[in-house]
Amino acid sequence: MAKPKVATTSLAGCFGCHMSLLDIDDRILKLVELVEFDKSPFDDIKDFTGRCRIGLIEGGCATDENVHVLQDFRKHCDVLISVGECAIMGGIPAMRNMVPLTECLEEAYLNGPSVHNPGGQIPNDPDIPLMLDRVYPCHEVVKIDYHLPGCPPSADAIWQMLVALLNDKPVDLPYELIKYD
Ligand code: SF4
């Protein structure tokens, strides 16, 4: 029987949540028995090859490309999970939400203390993803089925959530895995 497919992506994230999934250590052998990875940085598959049971999203939406990728995940995945604070709340990238986008770009490319930009040009090549007015959490862009908090969520939390969903069981993580102090 074909194994269920899992896809993962990092939008405006740091890949720490992906690293946390790899922290399941030798359970990775069990995971590859249970699932087949589709579009994901883990296998470098760039485009979906079919319908996926689960999509894991790291990071929020900072650019039009992030929105496009997230919508593509929603289209191809039965269950979509926001993994980590950046996906759930925008995280560190969303700190720019307190400042107008124009000011952010001017500070980064024109006025910052370490900037050397004699041409005074803010990059605007059409091939560069367009920055959004602010960073959006994933659930403000598409329907998200589960939120897995943490920065990053622990390997055990990700593992237990995946195993529950793959076995059609309710996700009921113990308190120790979702408390942060
Ligand atoms: S939640 Fe934390 S670990 Fe995950 S992408 Fe954001 S900053 Fe990185």
Side-chain angles (χ1 to χ4, degrees), residues 5-28 31-32 35 37-46 48 52-74 76-77 79-99 101 104-105 107-108 112 128-166 171-181:
K5 292 185 175 189
V6 172
T8 79
T9 192
S10 179
L11 305 177
C14 76
F15 277 92
C17 291
H18 274 79
M19 292 298 112
S20 192
L21 174 54
L22 294 180
D23 273 347
I24 60 174
D25 299 327
D26 57 348
R27 285 171 290 183
I28 199 92
L31 184 62
V32 293
V35 304
F37 278 94
D38 197 88
K39 176 182 165 78
S40 170
F42 291 137
D43 53 18
D44 211 24
I45 294 179
K46 307 288 190 202
F48 282 100
C52 291
R53 179 88 166 268
I54 296 173
L56 301 171
I57 309 293
E58 169 192 297
C61 290
T63 67
D64 61 343
E65 184 186 46
N66 294 154
V67 169
H68 172 75
V69 171
L70 181 56
Q71 289 173 334
D72 205 30
F73 264 70
R74 183 67 278 177
H76 286 90
C77 300
V79 173
L80 215 50
I81 308 173
S82 271
V83 182
E85 298 307 329
C86 293
I88 295 171
M89 301 191 330
I92 298 288
M95 287 179 73
R96 80 164 165 90
N97 290 358
M98 293 179 282
V99 182
L101 176 60
C104 289
L105 292 171
E107 182 68 11
I128 299 174
L130 196 65
M131 299 272 281
L132 302 179
D133 60 333
R134 66 184 179 89
V135 177
Y136 292 82
C138 294
H139 65 272
E140 289 188 15
V141 179
V142 299
K143 177 179 176 284
I144 294 292
D145 301 293
Y146 294 92
H147 293 84
L148 187 55
C151 180
S154 69
D156 286 339
I158 300 173
W159 170 254
Q160 290 197 27
M161 184 166 212
L162 281 176
V163 169
L165 290 172
L166 290 167
V171 178
D172 187 17
L173 298 181
Y175 175 68
E176 301 74 51
L177 287 185
I178 47 171
K179 81 174 172 69
Y180 302 94
D181 52 16

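Read the numbers this way: they start at 1 and go in the same order the structure lists the ligands and their atoms.
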Next on the checklist: Within the 4.0 Å heavy-atom shell around Pro152, which atoms of ligand 1 are there?
Outcome noted: 3 (S)
Checklist outcome for this item: Near Glu58 (heavy-atom distance under 4.0 Å), the atoms of ligand 1 are 5 (S)
Item to check | For Asp145, the option from Ile81, Val79, Val171 that meets side chain to side chain contact (heavy atoms under 4.5 Å, CB included) | outcome: Val79
Item to check | Identified side chain to side chain contact (heavy atoms under 4.5 Å, CB included) counterpart of Ser82 within the set Leu70, Leu56, Ile88 | outcome: Ile88
Next on the checklist: Taking Cys17's backbone N and O only, do any of them form a donor-acceptor pair with Glu58's side chain (distance below 3.5 Å, no angle check)?
Outcome noted: yes
Next on the checklist: With a 3.5 Å distance limit and no angle check, can you tell me whether Arg27 reaches the backbone of Ala155 through a side-chain donor-acceptor pair?
Outcome noted: no
Got the closest protein heavy atom to [atom], with its distance?
atom                    : value
atom 1 (S) of ligand 1  : Glu85 N, 3.3 Å
atom 2 (Fe) of ligand 1 : Cys151 SG, 2.3 Å
atom 4 (Fe) of ligand 1 : Cys17 SG, 2.3 Å
atom 6 (Fe) of ligand 1 : Cys86 SG, 2.3 Å

Checklist entry - Quick check: does Cys14 put an N/O/S atom under 2.8 Å from atom 4 (Fe) of ligand 1? => result no
Checklist entry - To the nearest 0.5 Å, how far apart are CG in Asp23 and NE2 in His18? => result 13.5 Å
Item to check | Steps toward side chain to side chain contact (heavy atoms under 4.5 Å, CB included) verdict (Lys39, His76) | outcome: CA-CA 10 Å; Lys39 176 182 165 78; His76 286 90; over 6 Å; no
